[in-house]
Amino acid sequence: MSDTILEVQDLVVDIPVSAGMLHPVQSISFKVDKGETLCIVGESGCGKSLTSLAVMNLLPKSANCTATKLSLDGEDLQSTSERRMSDIRGNKMSMIFQEPMTSLNPAYTIGNQLTEALLRHKKVSQSEARDRAIYLLEKVGITAAASRLTQYPHQLSGGLRQRVMIAMALMCGPEMIIADEPTTALDVTIQAQILHLLADLQKEFNMGMILITHDLGVVSRVADRVAVMYAGQIVETGTGKQVFENPTHPYTQGLLECIPIPGKTERGAHLGSIPGIVPSLVGDLPGCHFADRCRHVMDTCRTGTIDLSPSFEDGHVYRCVQTPEQCAANLKKGAA
Amino acid sequence: MVKYILKRLGVAFLVALTVSMITFSLIYVSGDPAVALAGEAASNEEIEHIRKSYGYDRPIPVQYMDWLGRALQGDLGRSHYLKEDISHVILTRLPNTLILAGCAIAFALTLSIPLGVAAAIRPNSLIDRFALTLAVVGQALPSFWFALIMMFFLGIQLRWLPISRVETWQGFIMPAIALGYYVTPGVMRLTRAGMLEVLQSDYIRTAKAKGLRPLTVLFKHALRNAIIPVVSLAAVQFGFMLGGSIVIESIFAINGLGFLAWETIQRGDLPMMQAIVLVLSLFYILITFLADMLNAFLDPRIRVT
Ligand SMILES: Nc1ncnc2c1ncn2[C@@H]1O[C@H](COP(=O)(O)OP(=O)(O)OP(=O)(O)O)[C@@H](O)[C@H]1O
Ligand SMILES: [Mg+2]
């Protein structure tokens, strides 16, 4: 089961702003296999949304996007026409957005908006589309599904709307789904519910999934692979196990200190936080972007470019001047 | 929905009632109506006689109820000046004004909405600049002046269109343009601003993420939402056109309500004036009500709670 569904290599997004050129995404590469979940984590503003919008070819008009490779199921997405791209969107690859409250059109019923994509992409009748909508609404845990079809978005709560958005993304049976912080705007009590629902559906329909979330607890449970982003770059990536057991980059280490891990973190233990703020992404940033906030910063951190280098195991890479052993030692020191 | 309609109807009714009271009191704003009717040289007895025979000696609420009751039956009284039934005069003049205002708003909307949409799709493009120029020029040109310019070129120089006395539909073209163009800038700017905002919205991004065709995104998802405030503005403007066509009707010698109002003011024919104000106000209320209904149809947040 290692057929690649989505492959991204050296994705770069630049946006001209009044202060100069913004580099929110700098040479990002990742791969998602069929039926695999890639979790992207990282602080607000590090370029997660722009990365996913770039994959969907939905970036704002002002943004420039380049990549050495961007392919879905072997099909090159960079050279495809906008027409072909629109055949793919919502069909083979769909996306769930951060803002359920505003992501549905207030003027149309849930049913209308659910069936729309299916009617656009597949040769189905109205009633078949309706049946599929009801089936999926039930799948995402909405009761009285049939009667919901005639309701309008403003009649639903945020959680229900996000469930509708998930059902909508699944209408055409996509092979790849991108969920961009699907729970950030929701009540804390239902955040985990929705994330687990997504993970279950991903398994059930065997889709490739990119899940962007701040909930590291959920990441540790659902991620096949994890990519940690910081200031427009991937600073560490590997399997979920590798990243959680041997966090190598100081930023990853800092992130993991910020969350309690059930069974590991003792009650009343001090939870860390990373001091400082994300640097401005306007203009060139030499060296390590995390240098200003790193506890272990050295002179060599601030010059040249720092590439991703292999950590302890195969497939686990990180972006730091120190060796994996030094990093691991730092983590022990920090914890002591 | 039913509740909403009833509520709007109730409001419309109350407004109409208030308007009728204000209109009725018009008779008294310019002083004693009996004195006005009797003329300057009248003696006290003559004035008293007129006061009695016209019923101006009764208490004002009684007079109002009496006037309202007859107005509801379509009897708006007689014009002292024209010696004709007022409702008859109004009914013969009303169609011209309705056609004129209808053509004018149709002209304004068919020009301004597509322009506004096009300008919003490509902000700062050539078409956006053209639309902006048109808006600035449109707002700066007084409509009577624009009407005269048109008359001069299209009517007198080129002889394409008749310049006055509407006998055929061609006669309505210039007046409708002259009356409607003034509304175009406002509607266009509002359409453009609304579309710009809606096109930035999350649900448009969702629509694109579903792979919908650009035209579906633009018309089904964007315009439907952007047009809602435009409906209200167009309704207000349409109301203004009904009453505000005085200038245009005078210039093109169209026998409409506006022209009648102008004649009536010059003659000081108060009951006629009163009737014109009442009829125009009622139309205004009707248009506002219809606009509310249209908006409720377009925006389920109004209709479904
Ligand atoms: N249209 C735009 N024009 C200019 N700058 C933008 C635009 N969109 C995003 N940015 C900037 O690009 C950077 C990355 O944005 P992005 O939305 O990808 O962050 P994110 O990682 O998704 O953050 P969050 O967790 O808050 O969603 C941010 O600094 C943001 O301000
Ligand atoms: Mg985001």
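What you see below is based on every heavy atom in this structure, not just the backbone, and it leaves out hydrogens, waters and symmetry mates. Reminder, nothing fancy here: chain letters follow the sequence lines and each chain counts from 1.
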A.B. asks: Checking B:Y181 now: which residues fulfil ring-ring contact (aromatic ring centres under 6.0 Å, His included) with it, not counting sequence neighbours?
C.D. replies: B:F146
A.B. asks: Tell me, yes or no, whether the heavy-atom count around B:L126 atom CG, taken from other residues, nucleotides or ligands under 6.0 Å, exceeds 12.
C.D. replies: no
A.B. asks: How about B:F240: does its CZ atom have over 12 heavy atoms from other parts shown lying under 6.0 Å from it?
C.D. replies: no
A.B. asks: Given heavy-atom pairs under 4.5 angstrom as the criterion, report whether the side chain, backbone, both or neither of A:L58 touches chain B.
C.D. replies: side chain
A.B. asks: Using non-hydrogen atoms and a 4.5 Å limit, figure out which bit of A:M168 sits close to chain B: side chain, backbone, both or neither.
C.D. replies: side chain
A.B. asks: Which of the residues B:L212, B:L298, B:I228, B:I204 is involved in the greatest number of heavy-atom pairs with chain A at under 4.5 angstrom?
C.D. replies: B:L212
A.B. asks: What donor-acceptor contacts under 3.5 Å connect chain B and chain A, backbone and side chains included?
C.D. replies:
from: B:D202; atom 1: OD2; to: A:T102; atom 2: OG1; distance (Å): 2.5
from: B:Y203; atom 1: N; to: A:T102; atom 2: O; distance (Å): 3.2
from: B:R205; atom 1: NH2; to: A:E99; atom 2: OE1; distance (Å): 2.9
from: B:T206; atom 1: OG1; to: A:S103; atom 2: O; distance (Å): 2.7
from: B:K208; atom 1: O; to: A:R89; atom 2: NE; distance (Å): 3.1
from: B:A209; atom 1: O; to: A:G90; atom 2: N; distance (Å): 3.1
from: B:K210; atom 1: O; to: A:H121; atom 2: NE2; distance (Å): 2.7
from: B:K210; atom 1: NZ; to: A:Q113; atom 2: O; distance (Å): 2.8
from: B:K210; atom 1: NZ; to: A:E116; atom 2: OE1; distance (Å): 2.6
from: B:G211; atom 1: O; to: A:R120; atom 2: NE; distance (Å): 2.7
from: B:G211; atom 1: O; to: A:R120; atom 2: NH2; distance (Å): 3.2
from: B:K220; atom 1: O; to: A:Y108; atom 2: OH; distance (Å): 2.6
from: B:K220; atom 1: NZ; to: A:N112; atom 2: OD1; distance (Å): 2.7
from: B:K220; atom 1: NZ; to: A:E116; atom 2: OE2; distance (Å): 2.8
from: B:H221; atom 1: O; to: A:N105; atom 2: ND2; distance (Å): 3.2
from: B:H221; atom 1: ND1; to: A:N105; atom 2: ND2; distance (Å): 2.9
from: B:H221; atom 1: NE2; to: A:E116; atom 2: OE1; distance (Å): 3.1
from: B:H221; atom 1: NE2; to: A:E116; atom 2: OE2; distance (Å): 2.6
from: B:N225; atom 1: ND2; to: A:N105; atom 2: OD1; distance (Å): 2.8
from: B:R303; atom 1: NH1; to: A:Y152; atom 2: OH; distance (Å): 3.3
from: B:V304; atom 1: O; to: A:H154; atom 2: NE2; distance (Å): 2.7

A.B. asks: Counting only heavy atoms not in B:Y182, do more than 12 fall under 6.0 Å of its OH?
C.D. replies: no
A.B. asks: Tell me, for A:I88 versus chain B, whether the close heavy atoms (under 4.5 Å) come from the side chain, the backbone, both or neither.
C.D. replies: neither
A.B. asks: Heavy-atom distance under 4.5 Å to chain B: side chain of A:M165, backbone, both or neither?
C.D. replies: side chain
